[in-house]
Student: 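Have a look at this one before I ask anything.
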Amino acid sequence: MKLNSLRGMQDILPEEIHIWHYIEKNARELFEIYNFREIRTPLLEQAELFLRSIGEDTDIVEKEMYVFNDKKGRKVALRPEGTASVVRAYIQNSLFNNPSPQKFYYMGPMFRYERPQKGRFRQFHQIGVESFGISTPTVEAELILMLKQFFERLNIKDLNYEINSLGCKKCRPSYRDNLFIYLNEKVANLCNDCQRRFTRNPLRVLDCKAPNCKNTLKDTPFIIDFLCDDCRMHFLSFQKELELMKIKYVVNPKIVRGLDYYTRTVFEITTTMLGAQNAVAAGGRYDDLVESFGGPKTPAAGFAIGMERVVELCKEITEIEPKRPFVYVAFAGQGMEGEAKKLVNMLRKNGFITETAYENLSLKNQLKRADKLKVEWVIIVGEEEFKKSMYKWKRMKEGTQGEARIEEILKILREGN
RNA sequence: GCGGAUGUAGCUCAAAGGUUAGAGCACUGGACUGUGGCUCCAGGUGCUGCGGGUUCGAAUCCCGUCAUCCGCCCCA
């Protein structure tokens, strides 16, 4: 019987792991420059954490979450996103007692039971950040700027920055009422999905891509026209910040987001290069979430980057060389195998990526293997040279070679590194 | 959850119901016992995704199932 990985879950092979390392390294470096620090939270949490943060009516919770009972019958869930866990950890560890802002980043797998597609998997990876304690839109602006620099580092271009405001506890109810009245007149013309959404969560209707619905909803009122004074000011000064930093953006009143905890600012960064799964990063502000979990009233904002999608873009755009062994140690002649082993250990202690023959191969075959491994240098431990305390070195690309003592060999390798 | 396309060697693909299922690349060994790439030779390259059915006979037709891809939905 052949055992395969579960649907939508894939192996990341050494072949492409270097791209992941490259992206992760850039994220760590950059985020730490902005004083975000890494936090690691469990992959498994009480299911209720996500029900209460993301929202019970959302698709994520309703049909995409991996939920099951553990051996004691507790309802647990694999995390479908990162924010809820970080908020939980922030409260549980009383991190709000530390000076504001508290800034965290994380990277790791998330799980959603979705139908797999290009750029969409059941186990996927996100790099995310969360910033707690500051209510001014300078926080969101900093997040966007940091994202922009992140993508610049990776040489990813042609991204669209779209922003919107969802208002707050004060202004959203009046908008919702208004939208309901408006939609009530048109509901007969909407698609089946939208008719369902209309009763469940009217805001979701705005996101529909069906041509007919789009047309019917041309004149739908938008939330940004119903913002309270505070929210409007917040949104305007957010845009001002973006302009100061020369970030090109588009206000897209249709961005609704699939998680209920967002307030005020939301944003999406999209690309046209990945087909239907076009969001590479998204996030927003969630000023009520910490408090709703029993923490002190704490404004907060964050974003998440879709790792697989960024990897895909990197494959198309940048050439990142995978790591290859640097030196191959070959041997020829009586008793040289042991001497070769000593040399291998020595080179490895000196930090060179070293490979060697593990079986008794002809020198020809050893060189053949070295060639296939694409190593830069071969050191041959040969009987004749060994008598003179020398080794033969060979630079594979040029085919040049010579003899040298060990100190010189190390020097040559260091210079060639 | 809905609609569509596709599953043959590690990879890219042939074989239009009829011999023992093929080609290129890759892989392993040899020609070459102290020198890689080139060439030549030899060779695993395989439950034709899996399970049924139709047929004298199925990679080929039908049904189911699983997987992948595309679209919807949703999102990162």
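Numbered from 1 within each chain, the chains take letters A, B, ... in sequence-line order. Side chains are part of it too, since the values below use all heavy atoms of this structure and drop only hydrogens, waters and symmetry mates.
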Student: Separation of Arg7(A) atom CZ from C69(B) atom C1', in whole Å?
Tutor: 11 Å
Student: As a test of understanding, state which of Arg52(A), Arg88(A), Lys75(A) forms a salt bridge (Lys or Arg N to Asp or Glu O under 4.0 Å) with Glu45(A).
Tutor: Arg88(A)
Student: When rounded to the nearest 0.5 angstrom, what is the spacing between CD in Glu81(A) and OG in Ser53(A)?
Tutor: 5.5 Å
Student: Determine the contact category for Gly399(A): base if any of its heavy atoms lies under 4.0 Å from a base atom, sugar-phosphate if only primed atoms, P, OP1 or OP2 are that close, otherwise nothing.
Tutor: base
Student: Can you tell me how far apart OH (Tyr286(A)) and CG (Leu166(A)) are? Round to the nearest 0.5 Å.
Tutor: 15.0 Å
Student: Between the side-chain atoms of Lys364(A) and the base atoms of C32(B), is any donor-acceptor pair under 3.5 Å?
Tutor: yes
Student: In whole Å, measure the gap between the P atoms of C25(B) and U68(B) for me.
Tutor: 31 Å
Student: Ring centres under 6.0 Å, that's the criterion: do Tyr175(A) and Phe226(A) meet it?
Tutor: yes
Student: Applying a 4.0 Å non-hydrogen cut-off, can you work out what Glu268(A) is touching in the nucleic acid: base, sugar-phosphate, or nothing?
Tutor: nothing
Student: Mark yes or no for whether Glu29(A), through its side chain, and Glu32(A), through its backbone, hold a donor-acceptor pair below 3.5 Å.
Tutor: no
Student: Would you say the side chain of Lys368(A) and the base of U35(B) hold a donor-acceptor pair, judged only by whether the two atoms sit under 3.5 Å apart?
Tutor: no
Student: How close or far is atom C1' of A76(B) from atom CD of Glu64(A), stated in whole angstroms?
Tutor: 12 Å
Student: In whole angstroms, how far is the P atom of A76(B) from the CG atom of Leu313(A)?
Tutor: 16 Å
Student: What's Ile380(A) touching, base or sugar-phosphate or nothing? Going by heavy atoms closer than 4.0 Å.
Tutor: base
Student: Roughly how far apart, to the nearest Å, are G46(B) and A14(B) at atom C1'?
Tutor: 15 Å
Student: Can you tell me how far P in C50(B) sits from the matching atom in G10(B), rounded to whole Å?
Tutor: 13 Å
Student: Using a heavy-atom cut-off of under 4.0 Å over every strand shown, decide if Lys374(A) touches base, sugar-phosphate, or nothing.
Tutor: nothing
Student: Contact between Glu339(A) and Phe386(A) at the side-chain level, heavy atoms closer than 4.5 Å - yes or no?
Tutor: yes
Student: Test for a donor-acceptor pair under 3.5 Å between the base of C73(B) and the side chain of Arg120(A), counting only N and O atoms.
Tutor: yes
Student: If we take the P atom in both G51(B) and C66(B), what is their distance in whole Å?
Tutor: 15 Å
Student: Could you check whether Arg112(A) gets within reach of a base, just the sugar-phosphate, or nothing at all, counting any heavy atom under 4.0 Å?
Tutor: base
Student: Using the ring of Tyr113(A) (Phe, Tyr or Trp, six-membered ring only), decide whether Arg122(A) places NZ or CZ under 6.0 Å from its centre and within 45 degrees of its axis.
Tutor: yes
Student: Among side-chain atoms of Tyr34(A) and Gln149(A), is any donor-acceptor pair under 3.5 angstrom?
Tutor: yes
Student: Indicate, yes or no, whether a donor-acceptor pair under 3.5 Å links the base of G3(B) to the side chain of Arg115(A).
Tutor: yes
Student: Using the C1' atom as the reference point in each nucleotide, state the distance between C13(B) and G17(B) in Å, no decimals.
Tutor: 22 Å
Student: Picking from G34(B), U28(B), G1(B), which would you name as closest to the side chain of Lys372(A)?
Tutor: U28(B)
Student: I'd like the P distance from U65(B) over to G4(B), given in whole Å.
Tutor: 13 Å
Student: Ignoring hydrogens and angles, are the base of C75(B) and the side chain of Arg309(A) linked by a donor-acceptor pair under 3.5 Å?
Tutor: yes
Student: Under 4.0 Å, counting only non-hydrogen atoms across every strand here, what does Gly283(A) touch: a base, just sugar-phosphate, or nothing?
Tutor: nothing
Student: Could you state the atom-to-atom distance from OH of Tyr106(A) to C1' of A76(B) in whole Å?
Tutor: 10 Å
Student: In whole angstrom, give the distance that lies between atom NZ of Lys254(A) and atom P of C74(B).
Tutor: 13 Å
Student: Quick one: the dot-bracket string of RNA chain B, using Watson-Crick and G-U wobble pairs with both distances under 3.5 Å, [ ] for crossing pairs and | for bases paired to another strand.
Tutor: (((((((..((((....[...))))((((((.......))))).)...(((((..]....))))))))))))....
Student: How would you label the contact of Leu363(A) with the nucleic acid (heavy atoms, under 4.0 Å): base, sugar-phosphate, or nothing?
Tutor: base
Student: On the nucleotide U35(B), are OP1 or OP2 found under 4.0 Å from the side-chain N or O atoms that Gln401(A) carries?
Tutor: no
Student: What does Gly8(A) touch in the nucleic acid at a heavy-atom separation under 4.0 angstrom: a base, only the sugar-phosphate, or nothing?
Tutor: sugar-phosphate
Student: Can you tell me how far P of G34(B) sits from CG of Leu361(A), to the nearest Å?
Tutor: 13 Å
Student: Just so I know, are the side chains of Pro101(A) and Phe132(A) near enough to count as touching, which here means a heavy-atom distance under 4.5 Å?
Tutor: no
Student: At 4.0 Å (heavy atoms only), tell me whether Glu81(A) reaches a base, stays on the sugar-phosphate, or touches nothing.
Tutor: nothing
Student: If you measure from CG on Leu343(A) to NZ on Lys341(A), what distance do you get to the nearest 0.5 Å?
Tutor: 13.0 Å
Student: Judged by each residue's nearest nucleotide on RNA chain B, which is more toward the 5′ side, Leu367(A) or Glu114(A)?
Tutor: Leu367(A)
Student: In whole angstrom, give me the gap between the C1' atoms of G24(B) and U33(B).
Tutor: 33 Å
Student: With a 4.0 Å cut-off on heavy atoms, is Tyr328(A) in touch with a base, just the backbone sugar-phosphate, or nothing at all?
Tutor: nothing
Student: Applying a 4.0 Å non-hydrogen cut-off, can you work out what Ala281(A) is touching in the nucleic acid: base, sugar-phosphate, or nothing?
Tutor: sugar-phosphate
Student: Is Asn278(A) touching bases, backbone alone, or none of the nucleic acid, heavy atoms closer than 4.0 Å?
Tutor: base
Student: With a non-hydrogen cut-off below 4.0 angstrom, is Gln366(A) in contact with a base, only sugar-phosphate, or nothing?
Tutor: nothing
Student: U35(B) phosphate, OP1 or OP2: any side-chain N/O from Asn365(A) under 4.0 angstrom?
Tutor: no
Student: Have a look at Gln334(A) and say if it touches a base, only the backbone sugar-phosphate, or nothing, with a 4.0 Å heavy-atom cut-off.
Tutor: nothing
Student: Of Phe124(A) and Glu403(A), whose nearest nucleotide on RNA chain B comes first from the 5' end?
Tutor: Glu403(A)
Student: Could you state the CD-C1' distance from Gln126(A) to A76(B), rounded to the nearest angstrom?
Tutor: 5 Å
Student: For nucleotides A21(B) and U60(B), find the distance between their C1' atoms and express it as a whole number of Å.
Tutor: 12 Å
Student: Rounding to a whole Å, what distance do you find between Arg122(A):CZ and C66(B):C1'?
Tutor: 12 Å
Student: Between Trp377(A) and Tyr328(A), is the side chain to side chain contact (heavy atoms under 4.5 Å, CB included) condition met? List the steps.
Tutor: CA-CA 6 Å; Trp377(A) 299 89; Tyr328(A) 190 95; over 6 Å; no
